Amino acid sequence: MEFFKYTKTFNFMGKSKLAMILSIVLVLGSYVILATKGLNYGVDFAGGTVIQVKYDKTAPIDDMREKLKSNELFNGSSITEFGAPDEVVIRMKSTTASVTVDIGDVTREALKGTGNYEIRRVDIVGPKVGNELREKGVMSLILATIGILIYVAFRFEWRFAVASIFALVHDVSIALGAIAIVGLDVNLDVLAALLTILGYSLNDTIIVFDRIREGVTNNRNSDLAESINESVTRTLARTTLTSLTTFFVVFTLFIFGGEIIHAFAFTLLVGVVVGTYSSIFVASPILMWFGFSVKDYHAKLAKKAQREAEKERMRAQFESGVM
Amino acid sequence: MKLNFRIVIFALAIVFGVAFSIPSLLQTEGGKKVNLGLDLQGGLHMLLGVKTEEATTSRLKSIAASIKFFTDKNDILIDELKFDESAISFLLLDTDDTKHIKEHLSSIEGLNVIYAAENISMSFTPEEIVKTKKQAIDQAIETIRNRLDQFGLTEPVVAKQGEEKILVQLAGIKTAAEEQRARELISRAAKLELMAVDEDRAARVSVMNDAEAASFGDVILPDAKNEMNRYLVKEIPVLDGSMLTNANVGFDQNNRPVINFTLNAEGAAIFGDFTGRSVGKRLAIVLDGKVYSAPNINERIGGGSGQISGDYTVMEAKDLAIALRSGALLAPVYMMEKRSVGPSLGADSIEASMIALIGGFILVIIFMVAYYKLAGLIANIALIANLFIILAVMSLFGATLTLPGMAGIVLTVGMAVDANVIISERIRELIYEGKSIHKAIEEGYQNAMRAILDANITTLIAAVVLYAYGTGAIKGFAITISIGILASMLTAILGTHGIYELLEKKIQKSKNNRLWFGIKG
């Protein structure tokens, strides 16, 4: 089976303006949503309490609300269905600092008489820990980006690094926008998914860049757009295949993984699609617009080869005892 | 067919993978197994903070008690011995004793003592306060660990996190009652104090307030059983639990559980001295600020043992004895973060992620064979080997598998085929260019290598950052991704290359590129 023939080169760069407009609309749209609707921080980052309760029949949500009203600890709490009608989560901003009696115990007591239930999960995150987790989360995104930037600049050229960072920011922004639209709780697992997108999208971009590097090095033709078109075409089958297999896996995780991994799988799902798109349509044009010149690159390579040759000659001279 | 080093290494890796994943897969008795995280097997995760500032206060209190004992014993007359959160002060009635007092106080480390004629006051030096706070955390970790070790759970985790937080992880907590018991055992201050009842004013306790009691150097404490029943006791205790050597559950004449405790030599001496001087008065046995009993002292009590009676169940008495034995918490702990997962939720999570893992895996395998034919099959062999190796490495290191970790493995399945896709595409390309099978394979691997390496290293960078900055479950995700990437280099690059080398002659002879690589020609 073959998706793409190697004989035909697609003109991706010809479509780059159109793609750019789409990307800009998506990214700006995401920022608008993030600014207006905002992200829904879950307990991990905002602090608070989440209690997951499972009943042996449909959960009596109205009855539960009524029961919880009696205690002011539950002021402003929300009760929502969680994945199935017999399972609910109670979310609230308040936390308890006491070790011996916590809000989970209080809830257990308060829900007495609402039917047969089991408290399956209690997460209490104090405000201080929430702040710390958020700081660490942002820190890890920034550090990962810097680490990757340095590596790519070292292995390729600075413009490649800049272009891949643009693609990363593009992907993460759109994923965040999608999270905001759906209104998912942003917890540690979503952060993990964002970091995975970072790695995944970069993976894709680098495979394409590697081809461009190879094409530019071997090709006497100094037209970058043509080189890019050829390289992207040649990696197209791979990009599509890998994206498809990853998509399959993440999709099964999304469908069958259960409610608790839902946010993680959703974020990845968006990331896989956007990451594939960006490595083809976003990263490469940026490379071109930053003025990557094939001629200069050739000159640089030639210089490097010359230096190597010089070194080699010196070494040979040294070994033969001339110096 | 000729063996090559790649296929040998690959075969060894498979043997390693299968051998070391057997204990985890079949749940055998012996052997190293993968630990299931708390989110998968159910359990309690807590992050505790320590109220370190209370540690200095409590140390000052015991210094005050020792001053009291020292002056009583040496017949030095002092008055107005007082202490608050930061300082102790007293009046020395006979300044001739200054030298004697000075000698005693200078033997206590970290004190800054000011002598102003008969007024003597002291507080901790700043360094001592820092030291005390640090000690309070270390001691809390040690104490909580001791208590949990006696609680009967397998491998409780108690560790310092950051500068002043304590991480407690208890796997295998099944019920809410068990959790409650564990939490009570952990947070119990278990501060035992033996305090003298102020018999001169005890009759007026019902009309006295705290401020008035303080003016006499007394404090009002409630009865453990009946809060309305109050005792007026001397604020500075006769002695405290730090001199306790043992505590055990026993039974009194009515067959109710009590706790018998023994004091060390110093404690026994103080206790004997005090009871000798205080015949006819009462001694309050105070635990965590509540009076459990206040028996009359009938005679001097030597030997240094005593009894705490209260309205306990046997279980409560046992836990209390554990807490007393493992020592008091110098400073109270409070909850910063708690995550408890019931075992049924953990089982559900395992089931859901297994379905996703197997489902995704089968889809990928079918797809690869459909697209690449035998080349796809070779990639699939590498993929399966990869899964075994991940499991084997995790078992060997006793790593913890969390729910995000499971997701990490699922993701690795998706990404591990990537290397083989890249390689297969390269080989197809080279065959199209008319290269021989041998050349196509060798050059295909060479060309693909650089891209795969660069791509994998950048993903590893992200995973390492995730590990360094992640907490708990997220760390599990970073670990599986990292192991998965490294394993895929071994299986997908080295392993499949070895298989191709092994089969190269066959491929050449068959001239069937459709069968081998899924392309025409």
Side-chain angles (χ1 to χ4, degrees), chain A residues 1-2 6 52 96-100 102 104-105 108 118-126 128-129 133 136 139-140 143-144 147-148 151-152 155 188-189 191-192 195-196 198-200 202-203 206-207 210-211 214 234 237-238 241-242 244-246 248-250 252-253 256-258 260-261 264, chain B residues 47-48 176 180 183-184 186-187 333-342 344-345 348-349 352-353 355-356 359-360 363-364 367 370-371 403-404 407 410-411 413-415 417-418 421-422 425 429 432 447 450-451 454-455 457-459 461-463 465-466 469-471 473-474 477 481 518-519:
Chain A
M1 205 195 295
E2 279 169 277
Y6 294 101
Q52 190 177 336
T96 40
S98 156
V99 181
T100 42
D102 70 34
D105 305 326
R108 190 169 291 117
E118 176 200 358
I119 291 194
R120 305 181 94 195
R121 178 165 64 107
V122 179
D123 284 355
I124 301 171
V125 180
K128 209 172 144 194
V129 177
L133 288 177
K136 274 187 166 181
M139 208 49 195
S140 61
L143 275 180
I148 288 164
Y151 183 79
V152 176
R155 287 284 295 174
L188 283 171
D189 51 341
L191 178 72
L195 275 157
T196 312
L198 218 75
Y200 178 82
L202 199 75
N203 221 41
I206 282 186
I207 303 290
D210 173 72
R211 255 311 164 86
E214 191 182 310
R234 291 211 151 188
R238 175 265 156 196
L241 264 183
T242 300
L244 268 181
T245 51
T246 311
F248 283 159
V249 175
V250 176
T252 42
L253 208 57
F256 299 110
I260 208 152
I261 212 148
F264 178 82
Chain B
L47 202 57
L48 303 172
Q180 177 91 19
R183 281 191 275 126
E184 261 167 24
I186 288 169
S187 61
V333 293
Y334 63 98
M335 187 84 79
M336 297 183 84
E337 182 188 350
K338 178 189 124 168
R339 291 164 195 272
S340 66
V341 173
S344 71
L345 181 63
D348 281 7
S349 297
S353 43
I355 291 174
L363 270 176
V364 168
F367 189 80
Y371 197 85
L403 187 60
V410 174
L411 204 67
V413 170
M415 289 170 60
V417 282
D418 184 42
V421 169
I422 295 172
E425 284 301 313
E429 231 176 284
Y432 272 129
N447 289 340
R450 207 180 35 234
D454 281 347
I457 288 171
T458 41
T459 311
I461 291 176
V465 170
L466 203 55
Y469 275 84
T471 43
I474 300 301
F477 176 73
I481 285 267
I519 51 170

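It should be emphasised that the depicted structure is a prediction, and the values quoted were computed from it without experimental measurement. Below, chain A is the first sequence line, B the second, and so on; all start at residue 1.
Looking only at side-chain heavy atoms (C-beta outward), A:R155 and B:I457 stay at 4.5 Å or farther from each other. Residues B:R183 and A:D105 are in side-chain contact: their nearest non-hydrogen atoms beyond the backbone lie under 4.5 Å apart. In this structure the side chain of A:L195 never reaches within 4.5 angstrom of the side chain of B:F477, judged on heavy atoms. For the pair A:M139 and B:V465, the minimum side-chain heavy-atom distance is 4.5 Å or more.
Taking chain B as the reference chain and counting heavy-atom pairs below 4.5 Å, the highest number among A:I119, A:L241, A:I206 is found for A:L241. For the set B:N447, B:T459, B:D454, the count of heavy-atom pairs under 4.5 angstrom toward chain A peaks at B:D454. Top candidate by heavy-atom pairs under 4.5 Å with chain B, chosen from A:L143, A:V152, A:L198, is A:L143. Counting heavy-atom pairs closer than 4.5 Å to chain A, the top residue among B:A455, B:A370, B:A463, B:S353 is B:A455. Each of B:I481, B:D348, B:I186 has some count of heavy-atom pairs under 4.5 Å with chain A, and the biggest count is that of B:D348.
In this structure, CG on A:L191 lies 7.0 Å from CG on B:L466, to the nearest 0.5 angstrom. Here B:D418 contributes atom CG and A:I207 contributes atom CD1; the two are 5.5 Å apart, rounded to the nearest 0.5 Å.
Nearest heavy atom pair, residue B:G359 against residue A:T252, reads C-CG2, 4.2 Å. The nearest pair of heavy atoms linking A:A144 to B:A462 is CB-CA, 4.3 Å. Counting all heavy atoms, side chain and backbone alike, A:L253 lies closest to B:A356 at CD1-CB, 3.4 Å. Minimum interatomic distance between B:T458 and A:I148 (heavy atoms only, all atoms of both residues): O-CG1, 4.1 Å. Between A:L133 and B:R339, the shortest heavy-atom distance links the atoms CD1-NH2, 4.4 Å.
Residue contact with chain A, scored on non-hydrogen atoms closer than 4.5 Å, involves the side chain of B:S349 exclusively. The part of A:L244 that comes within reach of chain B is its side chain, from C-beta onward, which places non-hydrogen atoms under 4.5 angstrom from that chain. Contacts between B:V333 and chain A at a heavy-atom distance below 4.5 Å involve backbone atoms as well as side-chain atoms. Only the side chain of B:I461 comes within less than 4.5 Å of a heavy atom of chain A; its backbone N, CA, C and O stay farther away. Residue A:R120 touches chain B through both its backbone and its side chain, counting heavy-atom pairs closer than 4.5 Å. Contact annotation for B:Q180: only side-chain heavy atoms (C-beta onward) come within less than 4.5 Å of a heavy atom of chain A. Of the atoms belonging to A:V250, it is side-chain heavy atoms, and not backbone ones, that fall under 4.5 Å from chain B. Contacts between B:Y371 and chain A at a heavy-atom distance below 4.5 Å involve backbone atoms as well as side-chain atoms.
Take A:D210 and apply the side chain to side chain donor-acceptor pair (under 3.5 Å) test, not counting sequence neighbours, and it matches A:R213, B:R450. A search for salt bridge (charged side-chain N to carboxylate O under 4.0 Å, His left out) contacts involving A:R121 returns A:D123, not counting sequence neighbours.
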